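Encoded as structure tokens, the structure appears first; notes follow it.
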Protein chains: 2
Amino acid sequence: MVDPVERRRHLAEAVWRVVRREGLERASVREVAREAGVSMGSLRHYFDDQSELLTFAMRMVIERVEHRVAVLQVPDDPRLAAGRVLAELLPLDPERRAENEVWLAFTARALVDPQLRALRDEAYDLLRNACRRWVRVLLPTGTTEPGVDLETERLFALLDGLAVHAAMRPEQSSAEGLLAVLHHHLDQITASPRPAPEGLL
Amino acid sequence: MVDPVERRRHLAEAVWRVVRREGLERASVREVAREAGVSMGSLRHYFDDQSELLTFAMRMVIERVEHRVAVLQVPDDPRLAAGRVLAELLPLDPERRAENEVWLAFTARALVDPQLRALRDEAYDLLRNACRRWVRVLLPTGTTEPGVDLETERLFALLDGLAVHAAMRPEQSSAEGLLAVLHHHLDQITASPRPAPEGLL
DNA sequence: GCGTTACTAGCACGACTGTGCTAGATACTG
DNA sequence: CAGTATCTAGCACAGTCGTGCTAGTAACGC
């Protein structure tokens with residue numbers, strides 16, 4: 001009847017809603033089935049056990065972010081390109097705020113769940129490498145490798161810190177504020193000043 | 001027999017151990033009592049219910065950090081003082097790493113638990129104000145208020161991001177590395193003749 | 001039509017949960 | 001010594017949990 005892949009996504013979105021509303025510890029098989037409007041038996045036809053359901057829901061966060069970055073139109077200018085790509089990782093709109101909150105819940109559990117930890121590490125290596133690439137582009141040519149490492153860790157930590165704060169205090173954390181901090185930081189690590197700003201976001 | 005305050009701290013430390021080892025969702029009354037080597041009934045003599053036990057354990061994280069900062073000997077030089085105080089907030093040794101991991105678990109639950117959220121907000125306002133104070137000292141005199149806001153949010157996010165990364169990837173996050181990033185950042189704030197950007201926050 | 005597969009529904013079991021409760025042990029006051 | 005407050009221990013209840021399991025329904029090839 002319905003595409004089974006789409007059905008799994010539908011169920012994973014029910015996981016997201018439960019996680020945001022009541023926390024990951026309340027994302028039981030029963031609760032998720034109820035949220036999705038199906039029976040436990042039906043849910044378990046698509047996911048063999050709870051672990052598979054949760055890892056799928058977590059992986060979907062990664063895939064959504066990857067997809068958004070992949071289809072991004074990036075300017076030629078390095079500074080502008082860095083701003084655009086890295087801004088995509090900030091929780092600037094409701095969709096990204098949802099992903100961010102869910103991601104936070106899963107990474108917290110990853111501290112004690114080896115299965116989720118593997119997923120988290122995979123995603124964080126991607127993020128770290130992305131930071132490194134943009135740092136390398138922005139820093140003056142000839143910057144030593146330790147210098148690149150330092151700025152990579154700083155940018156990486158800044159992005160995650162902003163995301164964490166945005167999740168915890170959404171009312172204190174506007175999209176404009178997040179972008180202002182990001183662009184200020186990128187300006188400061190860029191050798192040459194940013195060219196004329198471009199409109200959106 | 002034993003000081004009841006000390007007894008509560010002892011039990012809260014059992015909470016910490018369980019949280020670090022198995023996660024906050026496994027910190028049941030039974031499990032904590034077992035970890036502390038007492039019976040459920042005995043534990044419940046000191047804490048009326050689970051909620052009180054957990055909030056006490058979370059509050060103890062805040063108090064430990066506050067105490068460490070309070071007894072700190074700070075140099076007169078502002079730059080050195082900022083480095084010393086802010087370094088105290090990083091997970092540089094096993095004791096602080098433990099606090100950091102536990103804190104992370106509690107803040108994650110605070111996303112869906114109003115009681116813990118109040119505690120978290122209280123602590124984060126303290127941290128933010130601390131960041132603001134040191135930013136104000138380090139930035140050139142005459143920096144506009146939006147400029148202070150911007151640098152405060154940046155420093156605050158950087159500190160939390162470093163702590164989060166340290167908890168998630170302890171093997172990739174040495175004390176030297178954390179300190180290098182912090183001091184590099186403080187140096188750059190101090191050196192920068194910051195023109196006020198358009199930033200609002 | 002029949003048969004096979006995909007899907008849905010939900011019961012049942014054993015394990016674990018928080019908390020109300022009673023009862024025994026220990027320590028201190030008089 | 002007795003009496004009382006403090007502390008410890010653990011049972012009992014009602015609830016939720018994951019998952020194994022059976023049975024019923026819909027869709028499809030033939």
Side-chain angles (χ1 to χ4, degrees), chain A residues 1-59 105-106 108-110 112-116 119, chain B residues 1-59 105-106 108-110 112-116 119:
Chain A
M1 172 200 172
V2 188
D3 178 16
V5 177
E6 205 51 49
R7 203 91 178 92
R8 283 164 70 97
R9 278 203 264 264
H10 174 73
L11 294 168
E13 279 166 6
V15 173
W16 285 23
R17 290 195 296 274
V18 173
V19 166
R20 292 189 69 191
R21 196 176 56 235
E22 313 184 52
L24 190 47
E25 60 272 349
R26 303 292 292 273
S28 64
V29 176
R30 277 172 182 79
E31 184 67 29
V32 172
R34 189 158 34 224
E35 174 72 26
V38 301
S39 71
M40 290 168 47
S42 187
L43 191 159
R44 294 193 58 224
H45 178 258
Y46 294 96
F47 296 98
D48 280 347
D49 56 19
Q50 190 189 33
S51 172
E52 195 186 330
L53 171 65
L54 295 185
T55 56
F56 183 88
M58 182 175 183
R59 196 183 299 273
F106 276 110
R109 176 166 289 196
V112 292
D113 182 327
Q115 181 145 193
L116 300 185
L119 261 179
Chain B
M1 172 198 173
V2 188
D3 177 16
V5 177
E6 204 53 48
R7 203 91 178 92
R8 283 165 70 97
R9 277 203 265 263
H10 174 71
L11 294 168
E13 278 166 7
V15 173
W16 285 24
R17 288 195 298 275
V18 173
V19 167
R20 292 189 68 192
R21 196 175 58 235
E22 314 184 52
L24 191 45
E25 58 272 346
R26 302 293 293 271
S28 64
V29 176
R30 277 171 182 80
E31 185 66 31
V32 172
R34 189 158 34 222
E35 174 71 29
V38 302
S39 70
M40 291 167 45
S42 187
L43 191 159
R44 295 195 57 225
H45 178 258
Y46 294 96
F47 296 98
D48 280 346
D49 55 20
Q50 190 190 32
S51 171
E52 195 186 331
L53 171 65
L54 295 185
T55 56
F56 183 88
M58 182 175 182
R59 197 183 299 274
F106 276 110
R109 176 165 290 198
V112 292
D113 182 327
Q115 181 145 193
L116 299 185
L119 260 179

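Basis for what follows: all heavy atoms, side chains included, without hydrogens, waters or symmetry-related copies. Residue numbers start from 1 in every chain, and the chains themselves are labelled A, B, ... in the order their sequence lines are given, proteins ahead of strands. From a predicted model like this one, the values you see are computed outputs, not experimental measurements.
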E52(B)/R8(B) under salt bridge (charged side-chain N to carboxylate O under 4.0 Å, His left out): CA gap, chis, key distance, verdict: CA-CA 11 Å; E52(B) 195 186 331; R8(B) 283 165 70 97; 3.6 Å; yes
Determine: side-chain N/O of R7(B) to OP1/OP2 of dT8(D), distance under 4.0 Å, yes or no. yes
Counting just side-chain N and O atoms, does R44(A) come under 4.0 Å of either OP1 or OP2 of dG20(D)? yes
Which nucleotide in dT8(C), dG18(D), dT19(C) has an atom nearest any side-chain atom of H45(A): dT8(C)
Please state how far atom CG in L24(B) lies from atom C1' in dT17(C), giving the value in whole angstrom units. 14 Å
Residues V19(A) and A27(A): closest non-hydrogen pair is CG2-CB, 4.2 Å
Contact residues, residues 49-58 of chain B to DNA chain C [heavy atom, < 4.0 Å]: D49(B), Q50(B)
Tell me: CG of L43(A) to P of dC17(D), nearest whole Å? 13 Å
Without decimals, in angstroms, what is the distance between D48(A) CG and dC7(C) C1'? 14 Å
Interatomic distance, Y46(A) OH vs dT8(C) C1' [rounded to whole Å]: 9 Å
How many whole angstroms separate atom CZ of F47(A) from atom P of dG20(D)? 16 Å
Please tell me which of the listed nucleotides, dC17(D), dA9(C), dC11(D), lies nearest to the side chain of M40(B)? dC11(D)
